[in-house]
Amino acid sequence: MSEQTILSEVKRFIYEAVQQAVSTRRIALRDSEISENGMPAGFGPAQINIEPPRDKAFGDFACNIAMKLTKAYGVAPVELARIIAEFIKAPMFSKIEVKAPGFINFYLSADSIYQTAYNILKLNENFGRVNIGNGIKVNVEFGSVNPTGPISVSHGRQVVLGDIFSSMLEFTNHAAAREYYCNDAGNQIRNLGKSVLVRYRQALGAKIDFPEDGYHGDYVMELAKELIAIHGEKYREETPSDEEVITLFGDYSQIKMLKEIVGVCEKMGVKYDMIYSERSLYTDGIVEKTQEFLKANGLTYEKDGATWFLATKFDDEKDRVLVKSDGKSTYALSDIAYHKTKYDRGFRQLITFLGADHHGYIKRLHAAVGALGVPAETLTILIHQFVTMLKDGQVVRMSKRAANYVELNELIDDVGVDAVRYFFIMRKMDAHLDFDVNLAKSQSTDNPVFYLQYCHARCHGVLNEAKGRGFETSVEQVAALPMDIVKLLNSPEEVAILKRAADFPKIMEECVRNFSPHLLCHYAEDFVKLFQSFYTKGKIDKNFRIVTDDKNLSNARLFLIHVVLITIRNVLKVLKISTPERM
RNA sequence: GGGCCCGUAGCUCAUUUGGAUAGAGCAACUGACUUCUAAUCAGUUGGCGGGAGGUUCGAAUCCUCUCGGGCCCGCCA
């Protein structure tokens with residue numbers, strides 16, 4: 001039985017206990033309360049809050065229901081808790097007790113703990129796969145970097161967040177599609193083309209000024225050199241058809257940059273299912289159709305020669321221009337069209353990751369979804385804060401090539417993919433991230449990536465050692481051990497490891513439901529610490545060694561090793577971080 | 001002028017969405033290996049949760065104000 005089912009079962013037991021307390025007239029609602037079969041209206045098992053207490057001395061689960069209901073029933077919390085607890089008949093607990101100020105504390109029986117551990121071995125690579133999504137198609141858009149320059153570390157954080165969150169969705173039974181929306185249609189591509197053209201001409205000896213609002217990074221010069229290699233001096237002189245040259249250069253550069261960006265993502269282990277081109281929205285007629293759709297639904301109007309979208313009708317701060325007075329359409333229109341395609345392609349849940357500088361988009365994107373007649377809650381926009389690089393305690397300067405930020409590619413080369421992935425996700429996305437380069441490179445337990453991987457490798461090391469001494473060490477063999485043997489895992493340290501391992505599915509659920517992938521990192525570090533601590537205890541006290549002359553105890557501990565191994569391996573797989581068997 | 005995010009130990013961060021005595025890791029100090037990898041572990045020190053009010057059985061968490069830091073507010077994308 002997984003932790004999930006225990007929790008929901010306990011909630012039901014508590015609910016039934018309240019029911020019985022009412023039906024046996026031990027408690028009665030006050031007259032001022034709206035009653036539903038003697039219980040407050042809307043009260044059900046789902047309203048019951050049960051969670052592990054901070055202090056282990058208060059048991060494995062705690063319930064605050066008595067304090068919540070104290071007013072409705074006019075009974076003091078502790079007294080009410082006693083009455084409810086009397087009626088709780090839950091077989092998986094060895095003890096249920098009431099403590100001030102009104103908590104009901106539950107203590108798991110030893111049998112249920114070992115039973116859960118057996119289940120972990122049985123589930124093996126499926127351990128932690130809770131069904132949340134029922135297979136629903138989810139579109140996850142992230143890292144939609146404009147292809148006008150190299151990808152920065154802050155965008156890298158977004159790419160990793162999106163990728164790992166997608167991975168978590170997949171692990172919890174969602175069909176996640178990773179998507180990159182490529183803004184290849186607008187002014188910024190023209191600006192890039194123009195920047196490259198000026199560099200091209202400068203490189204060929206022309207004395208012209210570089211535009212103030214152009215792209216200043218060294219990569220623009222690299223692109224210009226490539227274009228010289230391709231076209232020679234053909235476009236050296238300014239001509240009336242310069243606009244065509246700008247388009248030519250812009251397209252070349254944009255395709256090149258996109259390829260580079262996607263390449264860096266792949267280097268990080270991120271593979272997009274779809275790169276959606278903004279330009280294709282125009283060439284496929286989707287923008288036009290969307291505009292007609294909006295007009296037909298009375299959501300547009302004309303003013304000052306421009307076409308406006310009635311965004312305020314959907315809670316946006318102001319109406320937005322869709323078609324400018326010069327006849328060109330804006331990104332606001334293509335954004336609505338783009339979201340239309342997501343629904344048209346069968347997605348019923350959309351998640352979009354954006355950097356902190358785009359928080360102003362939240363309202364307008366929700367307005368866009370509203371205009372399409374789709375429930376606003378189907379689109380979740382997740383904003384993440386930026387990254388500051390620290391090296392030797394100092395803020396790392398901007399990249400010369402990128403001109404205004406540190407390049408992701410340089411970071412990957414410096415600290416490695418595993419560290420980049422882990423560090424980008426280990427803090428909650430709401431908070432600014434300080435990326436300590438020295439720590440990420442460190443081969444010591446101060447480095448959390450190393451710490452987790454080392455635990456994995458150590459488990460394999462122990463299994464190899466045991467095998468060499470003639471033990472049967474496969475998961476199947478260990479899972480077949482009788483309960484009497486497994487019950488030898490009875491030290492507080494061993495029981496704590498088994499209990500904490502059992503938390504994994506619940507953590508996965510919290511990560512997904514709260515859009516908080518970082519919780520998995522905190523869990524993993526906490527869990528691994530329990531194991532490392534136990535392991536080291538065996539170095540000091542021979543009674544705590546895993547492989548000893550005591551055959552039964554050794555077998556029990558190999559069982560424990562597999563519980564740890566499965567848990568840490570599954571965590572690392574969700575994070576898509578490598579799982580070395582030897583370090 | 002309006003809006004979003006953050007503020008917790010010297011540093012980097014948790015605190016299970018309002019619960020019980022606010023916890024880890026660095027750093028500092030004290031200890032533990034003829035090893036199932038010491039690439040590790042145990043212990044000690046360290047807090048007016050930026051500040052002030054409010055909401056209730058109960059607040060780091062919710063509300064108001066305020067101070068500090070980051071980021072936005074275009075017929076640019």
Side-chain angles (χ1 to χ4, degrees), chain A residues 49 51-55 57-58 62 64 67-68 70-71 76-77 99-103 105 146 148 183-191 213 278 303-308 317-318 320-326 328-332 334-335 355-363 383-386 388 390 393 426-434 436 439 442-448 450-451 453-454 457-459 461-466 468-469 503 506-507 510 513-514 516 518-519 521-523 525-526 529 532-540 545-548 554 557-558 561 582-583:
Chain A
N49 194 5
E51 58 188 23
R54 200 170 290 173
D55 190 337
F58 293 126
N64 61 1
M67 289 178 283
K68 293 274 190 216
T70 185
K71 215 182 235 176
K99 281 265 172 73
F103 287 102
N105 295 331
N146 286 352
T148 53
N183 290 106
D184 53 3
N187 254 339
Q188 80 280 12
I189 299 300
R190 187 189 173 276
N191 193 6
D213 60 347
E278 182 187 8
K303 191 179 94 182
D304 303 333
T307 305
W308 293 71
E317 285 133 9
K318 52 172 102 169
R320 307 285 172 183
V321 171
L322 295 179
V323 183
K324 296 183 273 180
S325 49
D326 65 1
K328 287 182 183 164
S329 49
T330 66
Y331 64 94
S334 54
D335 273 353
D357 53 339
H358 285 65
H359 72 259
Y361 286 27
I362 298 177
K363 282 193 173 173
I383 300 290
H384 70 92
Q385 299 295 317
F386 296 138
T388 302
L390 295 174
M426 69 189 202
R427 303 295 181 220
K428 64 178 171 219
M429 63 182 99
D430 295 335
H432 191 93
L433 175 70
D434 280 334
D436 185 333
L439 182 59
S442 135
Q443 299 283 298
S444 77
T445 47
D446 304 344
N447 180 352
F450 180 88
Y451 194 56
Q453 289 178 324
Y454 188 65
R458 176 169 266 174
C459 286
V462 173
L463 290 175
N464 285 336
E465 169 73 20
R469 294 202 206 174
D503 284 341
K506 189 187 65 191
I507 301 296
E510 280 171 14
R513 287 200 195 283
N514 301 328
S516 303
H518 72 283
L519 295 176
C521 299
H522 293 300
Y523 165 73
E525 288 171 40
D526 187 53
K529 188 181 162 62
Q532 297 288 40
S533 174
F534 173 72
Y535 179 92
T536 306
K537 203 168 163 136
K539 292 188 175 300
I540 295 147
R545 290 187 151 229
I546 290 157
V547 185
T548 63
S554 300
R557 287 189 174 152
L558 290 173
I561 289 288
R582 160 186 296 275
M583 289 169 75

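What you see is a predicted model; the values in this text were computed from it and never measured.
Distance, A/Asn64 CG to B/A59 P: 15 Å, rounded to whole Å. Rounded to whole Å, the distance from CG on A/Asp430 to C1' on B/C5 is 7 Å.
B/U45 shows a glycosidic angle more than 90° from 0 and is accordingly assigned anti.
The two residues A/Ile546 and A/Arg557 come nearest to each other via the heavy atoms CG2-CB, 3.7 Å.
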Verify salt bridge (Lys or Arg N to Asp or Glu O under 4.0 Å) between A/Glu465 and A/Arg469, making sure each step is shown before the conclusion.
CA-CA 7 Å; A/Glu465 169 73 20; A/Arg469 294 202 206 174; 2.8 Å; yes
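RNA chain B is contacted by both A/Ser516 and A/Ser329; A/Ser516 maps to the nucleotide lying nearer its 5′ end (nearest heavy atom per residue). For A/Arg54 and A/Asp357, each mapped to the nucleotide of RNA chain B holding its nearest heavy atom, the one lying further toward the 5' end belongs to A/Arg54.
Between the side-chain ring of A/Phe386 and the base of B/G70, no stacking contact exists by the 5.5 Å and 30° definition. By the 5.5 Å and 30° criteria, A/Phe58 is stacked with the base of B/A20.
Applying the 3.5 Å distance criterion, the base of B/A39 shares no donor-acceptor pair with the side chain of A/Asp446.
Under the 4.5 Å side-chain criterion, counting only non-hydrogen atoms from C-beta, A/Leu322 is not in contact with A/Trp308. Counting heavy atoms from C-beta outward, A/His522 and A/Arg427 have side chains that approach closer than 4.5 Å.
Between A/Lys99 and B/U21 there is no side-chain N or O to OP1 or OP2 distance below 4.0 Å.
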